[in-house]
> 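For reference, the structure I am asking about is given below.
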Amino acid sequence: MTRAKKILNDPRRVVEEMVEGLELANDGRVVRVPGHAALVRRDIPGGKVALLIGGGSGHEPLFHGFIGHNLADGAACGQVFAAPAPDIIHAAARAVHRGRGILFLYGNYAGDNMNFDIAADLLGDDGIEVRTVRVRDDVAAAPPERVHDRRGIAGDILMIKIVGGAAAVHESLDEVERIARKAEANVRTIGVAVTAGSLPETGRPTFVLADDEIEVGMGAHGEAGVRRQKITTADAVADQMVGALLADLPFARGDEIALVINNFGATTMMEMLIVNRRVRQILAGAGIGVHRTHIGTWLTVQEMAGFSITFMRLDDELRRFLDMPCDSFGFQRM
Amino acid sequence: MTRAKKILNDPRRVVEEMVEGLELANDGRVVRVPGHAALVRRDIPGGKVALLIGGGSGHEPLFHGFIGHNLADGAACGQVFAAPAPDIIHAAARAVHRGRGILFLYGNYAGDNMNFDIAADLLGDDGIEVRTVRVRDDVAAAPPERVHDRRGIAGDILMIKIVGGAAAVHESLDEVERIARKAEANVRTIGVAVTAGSLPETGRPTFVLADDEIEVGMGAHGEAGVRRQKITTADAVADQMVGALLADLPFARGDEIALVINNFGATTMMEMLIVNRRVRQILAGAGIGVHRTHIGTWLTVQEMAGFSITFMRLDDELRRFLDMPCDSFGFQRM
Amino acid sequence: MKGALDGEGTRALLQAAAAAILSGVDRLTEADMATGDGDHGIGMRRGFEAAVAALSGLEAPSPALALKAVGTAVMASTGGAAGAVFGTWFRAGARPLEGQGTLDGAGLATFLETGLEAVCRRGGAAEGQKTMIDALAPAARAARAAAGAGLGPALAAAAAAAGAGAEATRAMLATTGKARSLGERSRGHIDPGALSVTLILGAMRDHLGAG
Amino acid sequence: MKGALDGEGTRALLQAAAAAILSGVDRLTEADMATGDGDHGIGMRRGFEAAVAALSGLEAPSPALALKAVGTAVMASTGGAAGAVFGTWFRAGARPLEGQGTLDGAGLATFLETGLEAVCRRGGAAEGQKTMIDALAPAARAARAAAGAGLGPALAAAAAAAGAGAEATRAMLATTGKARSLGERSRGHIDPGALSVTLILGAMRDHLGAG
Ligand SMILES: Nc1ncnc2c1ncn2[C@@H]1O[C@H](COP(=O)(O)OP(=O)(O)O)[C@@H](O)[C@H]1O
Ligand SMILES: Nc1ncnc2c1ncn2[C@@H]1O[C@H](COP(=O)(O)OP(=O)(O)O)[C@@H](O)[C@H]1O
Ligand SMILES: [Mg+2]
Ligand SMILES: [Mg+2]
Ligand SMILES: [Mg+2]
Ligand SMILES: [Mg+2]
């Protein structure tokens with residue numbers, strides 16, 4: 001088996017070197033927690049409710065590129081596709097805490113859940129209050145009645161944006177948690193994979209698809225989706241994906257949404273724009289308005305080709321936080 | 001030969017459908033020039049010096065994703081890897097003109113030069129003043145004494161940012177042109193390709209590299225670079241690329257630069273961050289400061305894996321325009 | 001076969017277990033590629049390399065201290081589900097043995113039972129969900145049943161039960177972790193975490209048999 | 001062979017040229033893949049499909065109008081270097097023929113010479129730089145030399161000279177356009193634009209010979 005072709009140094013040190021490179025890429029706005037694969041804002045205001053995010057590495061710029069003004073205060077970085085260990089989370093949490101408690105916001109995976117929960121226990125021992133909101137936006141992972149079995153994927157992008165805004169404005173952890181839960185209840189994503197990504201350390205693809213196959217519902221680590229099928233047109237793929245999203249919440253005529261089309265890695269922007277054309281035709285037909293569109297590369301699965309479509313139903317409160325300016329390495333808004 | 005695996009509709013209509021999808025993705029801030037593959041800002045202020053950019057499609061989000069506040073006023077979109085025809089440029093130029101003349105800013109390619117020049121002639125007949133600045137940042141394309149033979153690559157990103165700012169602030173075409181020429185004289189880029197991209201219409205890769213080969217100096221359409229060599233470590237590749245950049249201007253101890261690491265398509269952010277780590281070690285050793293770092297996906301070559309490194313030497317004036325907030329589909333700053 | 005081990009013996013036993021994980025990395029990778037995200041092998045390598053380092057840094061450890069050192073190292077260095085699960089097993093399992101100078105059959109059974117219970121509490125999973133619990137739970141039961149015969153027989157029984165339990169995960173449908181969403185496609189493949197349990201207990205048994 | 005063509009005849013001649021480009025797309029793609037960015041074939045297809053449409057929309061065209069229609073369509077629909085270059089050739093080349101009812105040998109020579117001059121002015125390139133100029137320039141000279149013998153002989157001479165000129169680009173080093181940066185590696189491959197000139201003039205010759 002041939003290794004994936006990548007420009008790396010030591011494949012076993014990718015996360016360490018990536019974190020170094022990412023700290024430097026922040027031009028001083030973000031610093032590393034000494035001794036840990038964790039990054040935090042340099043200028044967290046006193047008395048702020050802290051927002052801590054994190055998860056496995058390999059999805060760059062998520063999560064650790066989303067630290068900054070009106071976004072997250074810090075992030076704990078795991079190894080590639082592996083939740084961060086409790087002591088990384090614990091150290092990051094202590095570094096971002098400003099006396100008003102911490103919201104943990106991350107994707108719903110067994111590994112993340114357990115490691116963040118262990119860290120929360122440790123912080124409880126330290127007398128620091130922690131609340132946890134898990135993003136469970138992947139409609140392909142489980143039916144709606146088993147939402148606790150759903151994975152967190154590109155919904156993270158809008159969640160960090162909104163909760164980052166809420167945590168910048170509200171001084172109560174209760175309020176920030178309430179807003180996070182509302183946003184989470186209104187966000188839905190579905191992905192499609194075209195070709196596989198690989199783990200830098202093994203160089204091996206995370207799954208194998210035939211040349212004429214795609215997988216609809218693919219997760220963010222190469223986990224299987226709802227079905228493997230023949231590749232078809234952009235319009236047909238968009239129809240299928242949007243159909244699954246609309247039916248799930250369900251979204252209804254008169255709703256206004258935020259739309260994200262997220263590149264899992266190697267898909268061209270041209271393909272995503274062509275998909276967007278169709279998505280908008282369907283939404284217009286369904287009487288659903290789009291408040292904001294984001295199309296780009298945020299939650300990656302290494303060099304996997306594929307993309308996901310995210311809808312979040314908005315109300316005035318969510319719209320307010322979505323529209324706030326923000327700044328970070330991986331996500332900006334004027 | 002197998003076709004590249006992409007999610008498309010009609011491969012011959014990719015640009016048309018992409019432009020439709022891109023207009024929609026701008027959520028009303030950008031509109032299409034009726035009948036043309038050209039997009040312009042909806043809210044161009046009266047009396048503003050107009051900035052028109054453009055070039056072949058297939059590099060999304062460049063160029064046509066860089067239209068917005070403090071960036072370009074409009075863009076003419078060619079077919080994939082082909083300069084836009086004169087009448088597209090002409091129509092876009094007429095749509096952005098606000099009585100103070102137009103700066104054409106684009107990459108230095110025979111096709112772009114000729115088509116934009118023909119359009120400039122047509123605009124001259126219309127009594128509209130046009131100035132032209134061609135980006136020639138690719139140090140791999142020709143030696144410094146043949147700068148007119150150099151291609152424009154990721155230097156475009158910083159150029160549009162700076163000239164967009166200048167055109168928002170200055171009311172004289174002379175001034176905007178002067179600033180553009182200064183920025184252009186101070187920007188240098190070098191790219192490396194790891195795997196090829198393909199043309200959507202033919203489905204064929206634009207070049208062929210062996211599994212263990214990379215091409216240093218690769219251009220933005222698969223044009224050959226300075227040399228084809230065995231793949232090596234991220235540090236060694238960074239050393240080679242940064243060495244070529246530093247020697248070219250040359251950059252000197254005490255300089256301050258803007259740094260861009262641009263993903264040509266399918267390279268992982270993790271690889272670019274690891275490269276950034278090394279770039280910063282070298283710059284620190286050379287006594288060169290970094291004012292701002294941008295690492296992301298802006299000038300793509302379809303699904304080509306590879307990246308480029310851009311340095312722009314700054315002075316107070318360039319720094320001012322670089323730091324201005326901006327908003328567009330493909331590039332934002334708070 | 002030995003009936004009990006002192007602290008030094010427990011350290012050696014754990015070094016053998018770590019060695020088995022380190023030489024089983026590729027098998028674990030294969031298993032996780034089939035049902036998960038392919039990183040179980042490299043994750044366990046990180047954890048058990050750290051465990052080896054931690055073990056060799058201990059001075060005159062008790063069995064509980066050696067077991068806890070492994071758990072702490074695995075918890076801190078593995079990451080992912082495995083780090084939490086295997087770290088919890090060893091750390092929680094070591095706790096009731098504190099103050100005991102030797103690890104005997106009953107001690108092993110307690111270590112497995114207490115660790116199992118903590119793992120189930122931490123991750124909310126139970127037997128039958130195609131996780132390492134499906135190897136650990138039968139191992140704990142078998143160890144308790146054979147506890148009176150001493151550490152050697154208890155380990156032999158536990159290792160055999162773990163192997164059978166891991167084998168049985170092939171037929172199961174994953175309902176937790178990254179394999180969950182595979183649904184029917186997860187059938188036919190062994191759970192990588194269950195395989196790790198088997199490697200660990202099998203290596204301990206072999207070490208004791210050889211020692 | 002005919003000594004001259006009226007407007008209808010010129011239209012048919014140009015339709016034959018367009019057909020040659022449309023059936024040569026793959027060869028042009030191959031050529032541009034070897035030295036450029038691989039899009040010359042699909043670009044010329046866009047341009048000459050538009051030219052066919054424009055030609056069929058003309059009512060009772062003069063030769064100049066038919067040539068200009070091709071140039072305008074190619075200029076508007078091809079894009080890239082080829083759109084500017086081939087559009088300029090046909091548009092500029094048509095201008096001195098305005099008002100003439102027929103296209104004869106001298107007219108062909110004028111069309112080629114004037115077009116060539118405009119292309120050189122527009123793109124700043126000259127013979128020897130491995131572009132379509134290396135086919136067009138010898139074609140123009142050959143057409144002028146054979147002009148007195150009528151359109152047929154002039155076209156035959158031009159097509160032969162274009163073919164030889166295109167062949168000669170193999171040995172050249174590209175110093176302009178996307179092939180430029182290939183340096184030494186551009187040697188050995190025919191310039192795609194020069195190949196297009198050959199296809200166009202060759203098809204015109206064959207059309208006249210057959211007609
Ligand atoms: N809730 C859980 N309880 C017990 N074991 C679990 C649980 N979730 C996952 N596991 C175990 O973890 C293993 C996967 O570990 P690993 O691949 O290292 O982590 P990740 O799933 O985060 O990639 C599974 O094979 C399973 O045995
Ligand atoms: N300055 C120039 N003068 C004349 N012909 C040129 C010039 N630059 C390029 N060409 C011609 O254009 C051809 C390339 O056309 P095409 O591939 O369609 O455009 P692009 O180079 O923009 O991809 C070259 O083979 C060459 O013959
Ligand atoms: Mg994992
Ligand atoms: Mg081209
Ligand atoms: Mg795994
Ligand atoms: Mg070309």
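Naming: A, B, ... by sequence-line order, numbering from 1 per chain.
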> Side chain, backbone, both or neither: which part of A:I118 has an atom under 4.5 Å from a heavy atom of chain C?
both
> Which distance, rounded to the nearest 0.5 Å, do you find between the CG of C:D32 and the NE2 of A:H221?
11.0 Å
> Tell me, yes or no, whether the heavy-atom count around A:K6 atom NZ, taken from other residues, nucleotides or ligands under 6.0 Å, exceeds 12.
yes
> Nearest 0.5 Å, please: how far is CZ in C:R45 from CZ in A:R12?
4.0 Å
> For chain A, find which of C:G87, C:A76, C:G38 contributes the most heavy-atom pairs closer than 4.5 angstrom.
C:A76
> Would you say that more than 12 heavy atoms from the other residues, nucleotides or ligands in this model lie under 6.0 Å from the CZ of C:R27, or not?
no
> Which bit of A:D138 comes within less than 4.5 Å of chain C, counting heavy atoms only: side chain, backbone, both or neither?
neither
> Which donor-acceptor pairs under 3.5 Å do side chains of residues 91-107 of chain C form with protein atoms, sequence neighbours excluded?
| residue | atom | partner | partner atom | Å |
| --- | --- | --- | --- | --- |
| C:R91 | NH1 | C:T72 | OG1 | 2.8 |
| C:D104 | OD1 | C:A106 | N | 3.2 |
| C:D104 | OD1 | C:G107 | N | 2.7 |

> Using the test side chain to side chain contact (heavy atoms under 4.5 Å, CB included), find all partners of A:R32 that sit at least two apart in sequence or belong to another chain.
A:E16, A:V19, A:E20, A:E23, A:L39
> Can you tell if the side chain of C:D39 reaches within under 4.5 Å of the side chain of A:V80, non-hydrogen atoms only?
no
> Working to the nearest 0.5 angstrom, can you tell me the gap between A:D87 CG and C:S77 OG?
7.5 Å
> Contact between A:Q79 and C:T78 at the side-chain level, heavy atoms closer than 4.5 Å - yes or no?
no
> Look up atom CG in C:D37 and atom CZ in A:F207, then write down how far apart they are to the nearest 0.5 Å.
12.0 Å
> Using a 4.5 Å cut-off on heavy atoms from C-beta on, say whether the side chain of A:M114 contacts that of C:V85.
yes
> Would you mind reporting whether A:T202 and C:T29 have side-chain heavy atoms less than 4.5 Å apart?
yes
> Does some side-chain heavy atom of C:R122 sit less than 4.5 Å from a side-chain heavy atom of A:N115?
no
